[in-house]
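Written below as structure tokens is the structure these notes are about.
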Amino acid sequence: MTTPTAAQYRHIKIPATGEKITIQNGKIVVPHQPIIGYVEGDGIGPDITRACLRIWDAAIEKAYGGQRKIHWCETFLGEKAAGLYDGNYCPDETLKVLQDLVVSIKGPLTTPVGGGFRSLNVALRQDLDLYACVRPVRHYAGVPSPLKHPDKVDIVLFRENTEDVYAGIEYKTGTPENKKVADFLRNEMKAKFFEGAGIGIKPVSEFGSKRLVRKAIQYAVDNGRESVTLVHKGNIQKFTEGAFRNWGYEVAREEFGSVTITEEQLYGEFKGKQPEGKIVIKDRIADIMFQMMLLRPDEFDVIATTNLNGDYLSDAIAAEVGGMGIAPGANIADHVAVFEATHGTAPKYANLNKVNPGSLLFSGVMMLEYMGWTEAADLITLVYPEVVSDGIVTYDFARQIDGATEVSTSAFADALIERIQGGIDLEAKRRAQQAQLVKERKQREIRRLLQPMEEMTESGRVPQSVGDLMTRSLITVNGDETVENAMHLMTENNISSIVVEPDARGIWGILTRRDIVSKIVRNNKSPSTTKVDAIATRPVVSVPAETSIREAAEMIADARYSRLTVAQGDKIIGIVTETDIFNAVEKFGWASE
């Protein structure tokens, strides 16, 4: 693939030096002299962009001694684009160059009011299919925070970017379209809702959900993260939010089975001790997750969630560590990535050289990490808290820190660059960070080992499906075995039933204590000569692991079973009993929907 030339574009000038990032074998390949696109942005955008470009260049120069360099290519969106492209805030050639260059970064943008114009951010996400909004949120020493222990916050949030209510499928009340949809819902689907309601459609697809969760888990694998939490409102919205949860577990099980375990396995099979090289996949109800990010934020690592949940949650967590002013973000497709400041344009501060460049700065750090230039990224993240702790800050932090020295945007950049150029023992600081990380993980593991039930409850874990409750360590018996041998196995393992292996037709069975009492004792048969197959029940009643606890309870009650087997395809992977459901309700409580 050739590097784009200036002649291909009306206003964008591709640098004469540098090489284009390419995609080979499904991965981005970054040359030592890449061409990277940038958009200054509106309002305060030019001020913070100028400062950040200087900081990023200084960190790259220091980390690589001139061996690597970014060749910056200015591209145009928002007000500056409108001035160049006859009022067009989102010109086609900008979209084309952002895709061609693969990696780019932008300042905040204003969406013009009126005319039905799409949000520029939404337009970028949809036109370039940037389906993953990625928001790392962590605290930097010295940054003012409303929390007592903001240092416990260190998460990376993956928000699905293309579906949910943000798909924009809405019908205004009083319109013919609204009436048509409302009539269909009432008459054909028997739905009930108030007259005159505005109607919105919430699509959540298997395809969109799985590719988002896949990216989140891969990030956790690549970066040595401890867990991935699926955040949803599946207890109410079963076929959208609940489906997102279920599809997320499917991706983990089917595509990352060798490196993941569920939270139920962590406590049930491994007694709270996380196996080396395994990532824990867990899920939380959205409202519980908001509580947990205040009460026990260090329990969570990577988060994957739907669009609206992610919008709320990412901003709320950012407030815990200093606000949107230092919250970075990116919108990423399979390979194309646009990194961005996550705050607004703050037009009243435009051209005053006053505001905090942190959000765009750390979005650039994300960009360097995405490119594999971690040494330059680490230089910035390590010197930033030193400068802030010295009280050298912009106005937003200065008013919250006693004795701080308020500086301009450009002067803050000067202070960072001076600290970067002054030298820093990168490896020593990395070792210290890693040692602290290991210590914190060990402390969490000790708590899980000493008080597993308390840890599960206090970390917000609420069983949702039979997969959360089932016994995975199945005790099985062959149908040709005697009932006597099966009874011995049941007694030795203190279980009330035993799964019978598939017969010649591939059909699983089950043998219970009730079967033995009613079919052996009552009928005066000998357990030592009677085969298991003679009294076992085939086929078993099986449900998928994602079956809700309430649905399982309905089946058990209606059919008068006392247990259900849990199947994955044609394989039995567990068993759940009415006792398991009873114990879960007793331990975790039960809120009616």
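This chain uses plain numbering: 1 for the first residue, then up along the sequence.
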### Task
Would you indicate whether the side-chain heavy atoms of Ile21 and Leu101 approach each other to under 4.5 Å?
no
### Ion pair Lys62/Glu375, N-O distance below 4.0 Å
no
### Message
Checking Gln568 against Arg253: is there a side-chain donor and acceptor pair closer than 3.5 Å?
### Response
yes
### Query
Out of Leu95, Asn161, Thr94, which one pairs with Leu124 under the side chain to side chain contact (heavy atoms under 4.5 Å, CB included) rule?
Leu95
### Message
Less than 3.5 Å apart, any donor N or O on the side chain of Asp283 or His232 sitting next to an acceptor on the other?
### Response
yes
### Within 6.0 Å of OH in Tyr312, more than 12 heavy atoms from elsewhere
no
### Message
Among Lys80, Glu74, Lys106, which residue satisfies the side chain to side chain contact (heavy atoms under 4.5 Å, CB included) criterion with Val39?
### Response
Lys106
### Message
I'd like to know if Asp164 and Arg159 make a salt bridge, using a cut-off of under 4.0 Å between side-chain N and carboxylate O.
### Response
no
### Query
With side chains defined as the heavy atoms from C-beta onward, is the minimum distance between Ile35 and Glu19 less than 4.5 Å?
no
### Query
Salt bridge or not for Asp129 and Arg211, using N-O below 4.0 Å?
yes
### Message
Using a strict threshold of under 4.0 Å (side-chain N to carboxylate O), is an ion pair present between Asp334 and Lys215?
### Response
no
### Message
Can you tell whether the side chains of Lys282 and Asp468 come within less than 4.0 Å, N to carboxylate O?
### Response
no
### Query
Parallel, tilted or perpendicular: which describes the rings of Tyr140 and Phe362, with under 30° parallel and over 60° perpendicular?
parallel
### Query
Do Glu163 and Thr306 meet the criterion of a side-chain donor-acceptor pair at a distance under 3.5 Å?
no
### Query
For Asp42 and Leu77, which heavy atoms make the closest approach, and how far apart are they?
OD1-O, 4.3 Å
#### Entry: Output field: ring centroids His11/Phe76 closer than 6.0 Å
no
### Value rounded to 0.5 Å, distance of CD1 in Ile55 from CG in Leu379
12.5 Å
### Query
How long is the span from the CD atom in Glu299 to the CE atom in Met289, to the nearest 0.5 Å?
10.0 Å
### Query
Would you call Glu250 and Lys210 a salt bridge, taking side-chain N to carboxylate O under 4.0 Å as the test?
yes
### Salt bridge Asp92-Lys96, side-chain N to carboxylate O under 4.0 Å
no
### Query
Taking NZ, NE, NH1 and NH2 as the nitrogens, is one of them in Glu241 or Lys202 under 4.0 Å from a carboxylate oxygen of the other?
yes
### Task
Search all heavy atoms of Val102 against all heavy atoms of His335 and return the closest pair with its distance.
CG1-O, 3.7 Å
### Task
Start with the C-alpha distance between Glu255 and Arg214, add both sets of side-chain angles, then the distance that settles salt bridge (Lys or Arg N to Asp or Glu O under 4.0 Å), and finish with yes or no.
CA-CA 8 Å; Glu255 301 180 29; Arg214 182 180 298 116; 2.7 Å; yes
### Message
Let's go through Glu340 and Asn331 carefully: what are the C-alpha distance in whole Å and the side-chain angles of both, what is the deciding distance for side-chain hydrogen bond (donor to acceptor under 3.5 Å, both in side chains) to 0.1 Å, and is it a yes or a no?
### Response
CA-CA 8 Å; Glu340 64 176 359; Asn331 295 297; 3.1 Å; yes
### Message
Tell me if the aromatic rings of Trp56 and Trp373 count as close, with their centers under 6.0 Å from one another.
### Response
no
### Task
Would you kindly say whether Gln33 and His71 are connected by a side-chain donor-acceptor distance under 3.5 Å?
yes
### Task
Please report the closest heavy-atom contact between Ile12 and Val97, naming both atoms and the distance.
CD1-CG1, 3.5 Å
### Query
Do Thr49 and Leu360 come within less than 4.5 Å of each other through their side chains, counting heavy atoms only?
yes
#### Entry: Pair Arg284 + Glu263, salt bridge at N-O below 4.0 Å
yes
